[in-house]
Amino acid sequence: MPRLLVVHHTTSPALDELLQAVRRGAGDPELAAVEVRCRPALTATAVDVLQADGYLLGTPANLGYMSGALKHFFDTVYYPCLEATRGRPYGLYVHGNNDVDGALTAVHRIVTGLGWQQVAEPVRVIGSPTAADRAACQDLGGVLAASLI
Ligand SMILES: Cc1cc2nc3c(=O)[nH]c(=O)nc-3n(C[C@H](O)[C@H](O)[C@H](O)COP(=O)(O)O)c2cc1C
């Protein structure tokens with residue numbers, strides 16, 4: 001069974017809303033052929049990454065960059081997973097209070113190094129998540145899961 005790994009840093013209700021929306025999308029009954037595994041970024045391991053077939057990343061924008069937790073995840077898994085995961089699909093959502101561009105650019109640079117393939121536009125959310133933001137995250141989860149079938 002293909003597996004989607006959701007790696008997230010969730011520090012507030014706003015980020016949790018986005019995470020739950022992603023999980024709803026990826027967990028759609030029509031996508032039951034895909035297993036969804038969810039890991040906080042500070043606990044995700046190289047084994048989690050190697051045992052998955054695609055990746056959905058979620059982070060706040062912090063000081064113009066991704067969260068330290070997601071950066072720690074990449075620091076941990078980058079070289080152990082570099083060869084084995086090349087070409088696998090990934091998606092990304094970023095939440096911030098004013099500007100998420102730095103976080104998006106930083107993640108993009110690292111996943112480009114890993115050779116992961118972006119299969120959906122990143123979801124950018126500023127401020128309190130709206131229904132449209134939640135829907136975009138739900139779609140993101142669905143697209144990532146569907147990409148593994
Ligand atoms: C130390 C720190 C740095 C932050 N830097 C940014 C930033 O560069 N850009 C941005 O849009 N938001 C920034 N934020 C806001 C966070 O992204 C935001 O708090 C997080 O996504 C959670 O959302 P919430 O505060 O609405 O619950 C920062 C927050 C903190 C605590």
Side-chain angles (χ1 to χ4, degrees), residues 2-28 31 34-82 85-86 88-148:
R3 179 182 294 163
L4 175 65
L5 178 66
V6 180
V7 179
H8 63 96
H9 188 53
T10 301
T11 54
S12 79
L15 279 154
D16 193 54
E17 279 185 51
L18 303 183
L19 174 62
Q20 298 315 324
V22 156
R23 293 181 75 160
R24 269 197 305 282
D28 187 300
L31 300 167
V34 177
E35 180 190 347
V36 180
R37 182 167 287 186
C38 205
R39 292 280 185 264
L42 290 174
T43 73
T45 66
V47 173
D48 290 323
V49 174
L50 292 168
Q51 289 182 340
D53 303 285
Y55 311 103
L56 206 165
L57 310 166
T59 182
N62 282 348
L63 305 174
Y65 201 75
M66 74 185 85
S67 67
L70 191 64
K71 176 60 162 53
H72 172 76
F73 163 74
F74 282 126
D75 289 350
T76 305
V77 307
Y78 190 91
Y79 282 106
C81 299
L82 182 57
T85 64
R86 204 177 287 283
R88 291 185 185 169
Y90 86 94
L92 170 69
Y93 64 91
V94 181
H95 179 268
N97 284 339
N98 44 62
D99 178 12
V100 300
D101 286 350
L104 284 162
T105 302
V107 173
H108 183 69
R109 187 173 297 136
I110 293 173
V111 294
T112 298
L114 283 164
W116 293 358
Q117 298 300 313
Q118 181 181 291
V119 295
E121 281 301 307
V123 175
R124 318 153 57 103
V125 180
I126 304 280
S128 282
T130 63
D133 294 326
R134 289 189 294 275
C137 282
Q138 187 166 333
D139 286 350
L140 182 68
V143 167
L144 259 293
S147 77
L148 302 184

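Counting starts at 1 for both ligands and their atoms, following the listed order.
Contacts of D99 with ligand 1, taken as heavy-atom pairs under 4.0 Å, involve the backbone alone. Neither the backbone nor the side chain of I126 has any atom closer than 4.0 Å to an atom of ligand 1 (non-hydrogen atoms only).
Residues L56 and L5 have side chains not in contact (no heavy-atom distance under 4.5 Å, counting atoms from C-beta outward). Contact annotation: the side chain of L4 never approaches that of L31 to less than 4.5 Å [non-hydrogen atoms, C-beta and beyond]. Residues V125 and Y93 have side chains not in contact (no heavy-atom distance under 4.5 Å, counting atoms from C-beta outward).
The minimum heavy-atom distance linking D133 with S128 is given by the pair OD2-O, 4.1 Å. For the pair P89 and V119, the tightest heavy-atom approach, listed with the atom from each and the gap, is CB-CG1, 3.6 Å. Nearest heavy atom pair, residue A106 against residue Y65, reads CB-CE1, 3.2 Å. The minimum heavy-atom distance linking L19 with V6 is given by the pair CD1-CG1, 3.9 Å.
Under a 4.0 Å criterion applied to the non-hydrogen atoms of L63, ligand 1 contributes the atoms 3 (C), 4 (C), 5 (N), 6 (C), 7 (C), 8 (O). Which parts of ligand 1 touch H95 is read off a 4.0 Å heavy-atom cut-off, strictly below it: atoms 17 (O), 20 (C), 21 (O), 22 (C), 23 (O), 24 (P), 26 (O). Interface atoms of ligand 1 facing G64, defined by a heavy-atom separation under 4.0 Å, are 7 (C), 8 (O). For ligand 1, the atoms closer than 4.0 angstrom to any heavy atom of G96 are 10 (C), 11 (O), 12 (N), 17 (O).
Side chains of Q118 and Y90: a donor-acceptor N/O pair is present below 3.5 angstrom, by distance only.
The protein heavy-atom contact nearest to atom 31 (C) of ligand 1 is N62 OD1, 4.7 Å.
For S12, a nitrogen or oxygen atom sits less than 3.5 Å from a nitrogen or oxygen atom of ligand 1, counting backbone and side chain alike. The shortest N or O to N or O distance between A61 and ligand 1 is below 3.5 Å.
For atom 15 (C) of ligand 1, the nearest protein heavy atom lies closer than 4.0 Å.
Looking at T59, V125, N97, it is N97 that brings a heavy atom closest to atom 10 (C) of ligand 1.
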